[in-house]
Amino acid sequence: MLISCGDALIDFVPTRNTDGREAVMPAVGGSCLNVAIGMARLGAPTGFVGGISTDMFGRMIADHAAASNVELGLATSSDHQTTLAFVRIVAGESHYAFYDAETATRNWTYRRGSIPFDTVEVLHVGSTTLVNDQGASETMALIADARASSTISFDPNCRPNLVKDKPAYLARMAEFAGCADLIKMSDVDFTYLFADEPYHQRASTLLARGASLVVITRGDNGAIAWHAGAGQIEVAAPKVVVADTIGAGDSFQAALLFALHKQGRLARQQLKDIGADELRGALSFAANCAGLTCTRPGADPPWSHEIIWSL
């Protein structure tokens, strides 16, 4: 099984009403839930770990996950409210206003011993759950249990407007990166975390600290990856008509993990041994899935029957 742990929420996506005025439309989102949705829709056995509310929005989330074949037996239900995120698109980038106090995601706790990690190929973590102390602590406990047998995937998916103490946040992200086998971040995340440090320099540092693969997505400039054995690999982004970029990075992450799973390269040692051609194929597949996601509003990763690219 492939597992994603973290945030599940409702995005209020920008649209326009019949009068042409700005309006918003609710859509299920949350970076880590999006990753789970993306992996499951492509055909991987997938579970989600995190907090889901029993309120109206929580039921929307649960129904959406179930319809995409995501296993929710490991998630935690609570009567805390669902996190809400209002989205605006500025210069092609999605900007978020979060309503996240005392929510189901914030109050999630890891049920120790509840997950049979010997059956879990990969554990993906990241995003807003790691901003608050409880979410970060619970996720780190989850990683500690998973790491002996499961590959660890990490995407910081930074949300600066939620960060109150940036130095502490940077230290926390470094700690999670130090536990990860696969690290993916956007170019915007990279700038927030590492300012103007060259990509290759930071990638070399992360590889030296134990990661097997470091990937940076760069919007319509494609993605670039570094691997200790396969070296540096760059893939192009497909040319598409963009509706918005919401969930594109999550779709890339989901498709990359799915591709490695299909190639038999997702387990820790197999990921270390992957060849350049296999890795390029997985990255290109992920870039095309992300591109397709950009053609429709909200976080809406592709289904396997929509895919025309081979690995």
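All residue numbers in this chain count up from 1 along the given sequence.
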Checklist entry - Could you go step by step and tell me if N34 and S31 meet the side chain to side chain donor-acceptor pair (under 3.5 Å) rule? => result CA-CA 5 Å; N34 292 340; S31 176; 5.8 Å; no
Between the CG atom in N107 and the OG1 atom in T76, the distance rounded to the nearest 0.5 Å is 11.0 Å
To the nearest 0.5 Å, atom OG1 of T191 lies from atom CD1 of I216 at 9.0 Å
For residues 281-304, the salt bridge (charged side-chain N to carboxylate O under 4.0 Å, His left out) pairs (sequence neighbours left out) are R41-D300, R296-D300, R296-E306
Does T295 use its side chain to pair, donor to acceptor, with the backbone of G291 at less than 3.5 Å?
no
Any L283 side-chain heavy atom under 4.5 Å of I233 side chain:
yes
Q. Just by distance, with hydrogens left out, do Q253 and S153 show a side-chain donor and acceptor under 3.5 Å apart?
A. yes
Rounded to the nearest 0.5 angstrom, the CG-NZ distance for N157 and K184 is 6.5 Å
Residues pairing under side-chain hydrogen bond (donor to acceptor under 3.5 Å, both in side chains) where one sits in residues 134-144, two or more places apart or in two chains, turn out to be R112-E138
- [ ] Could you tell me whether the side chain of S4 and the main chain of C32 form a donor-acceptor pair under 3.5 Å?
- [x] yes
Side chain to side chain donor-acceptor pair (under 3.5 Å) filter on Y110, not counting sequence neighbours, yields D145
In the structure I gave you, are the side-chain heavy atoms of P45 and H261 within less than 4.5 Å of one another anywhere? yes
Across all chains, not counting sequence neighbours, the side chain to side chain donor-acceptor pair (under 3.5 Å) partners of D133 are R172
Residues pairing under side-chain hydrogen bond (donor to acceptor under 3.5 Å, both in side chains) where one sits in residues 223-241, two or more places apart or in two chains, turn out to be R218-E234, W226-Q232
task: Please confirm whether the backbone N or O of V70 pairs with a side-chain atom of S68, one donor and one acceptor, at under 3.5 Å?
output: no
D181 vs R147, salt bridge (Lys or Arg N to Asp or Glu O under 4.0 Å): CA-CA, chis, key distance, verdict
CA-CA 10 Å; D181 301 290; R147 187 155 173 72; 3.5 Å; yes
Please answer whether the main-chain N or O of I246 pairs with a side-chain N or O of D244 as donor and acceptor at a distance below 3.5 Å. yes
Following the transitive rule for hydrophobic clusters with a side-chain heavy-atom cut-off under 4.5 Å over Ile, Leu, Val, Met, Phe, Trp and Tyr, establish whether M140 and Y169 coincide in one cluster. yes
Rounded to the nearest 0.5 angstrom, the CG-SG distance for L123 and C5 is 6.5 Å
- request: Can you establish whether the number of heavy atoms outside E121 located under 6.0 Å from its atom CD is more than 12?
  value: yes
Give a yes-or-no answer on whether the side chains of D100 and T103 include a donor-acceptor pair shorter than 3.5 Å.
-> yes
Can a donor-acceptor pair be found, under 3.5 Å and without considering hydrogens, that links the side chain of S251 to the backbone of G247? no
Backbone N or O of A44 within a donor-acceptor pair of the T46 side chain at under 3.5 Å?
yes
Does a side-chain heavy-atom distance below 4.5 Å link E278 with R265?
yes
- Side chains of L266 and L2 in contact at under 4.5 Å (non-hydrogen atoms): yes
Cation-pi, Y192 ring and K166 (6.0 angstrom, 45 degrees): yes
dist I52:CD1 -> R59:CZ (nearest 0.5 Å) comes out at 13.0 Å
- prompt: Is there a donor-acceptor pair under 3.5 Å between the side chain of R280 and the backbone N or O of V235?
  reply: no
Query raised in the report: Will you find, in the side chains of D7 and T129, an N or O donor that is under 3.5 Å from an N or O acceptor?
Result: no
Nearest heavy-atom approach of V35 to A254 is O-CB, 3.4 Å
Is it true that L9 and F57 fall in one hydrophobic cluster, defined by side-chain heavy atoms closer than 4.5 Å? no
_Minimum side-chain heavy-atom gap V122-I3 below 4.5 Å_ = no
Residues at least two apart in sequence or cross-chain that pass ring pair (Phe, Tyr, Trp, His ring centres under 6.0 Å) with F194, listed by chain then number, are F190
key: Side-chain donor/acceptor of D189 to backbone N/O of C158, under 3.5 Å   = yes
- Message: Using a 6.0 Å distance limit plus a 45 degree cone around the ring axis, check whether R159 lies over the aromatic ring of Y96.
- Response: yes
| So, for F86 and F98, is the gap between ring centers shorter than 6.0 Å? | no
- Task: Decide if atom CG of D196 counts as having more than 12 heavy atoms of other residues, nucleotides or ligands within a radius under 6.0 Å.
- Result: no
Tell me if a side-chain donor or acceptor on S186 pairs with a main-chain N or O of T217 at a distance below 3.5 Å.
no
CG (L256) and CE (M39) are apart, to the nearest 0.5 Å, by 11.0 Å
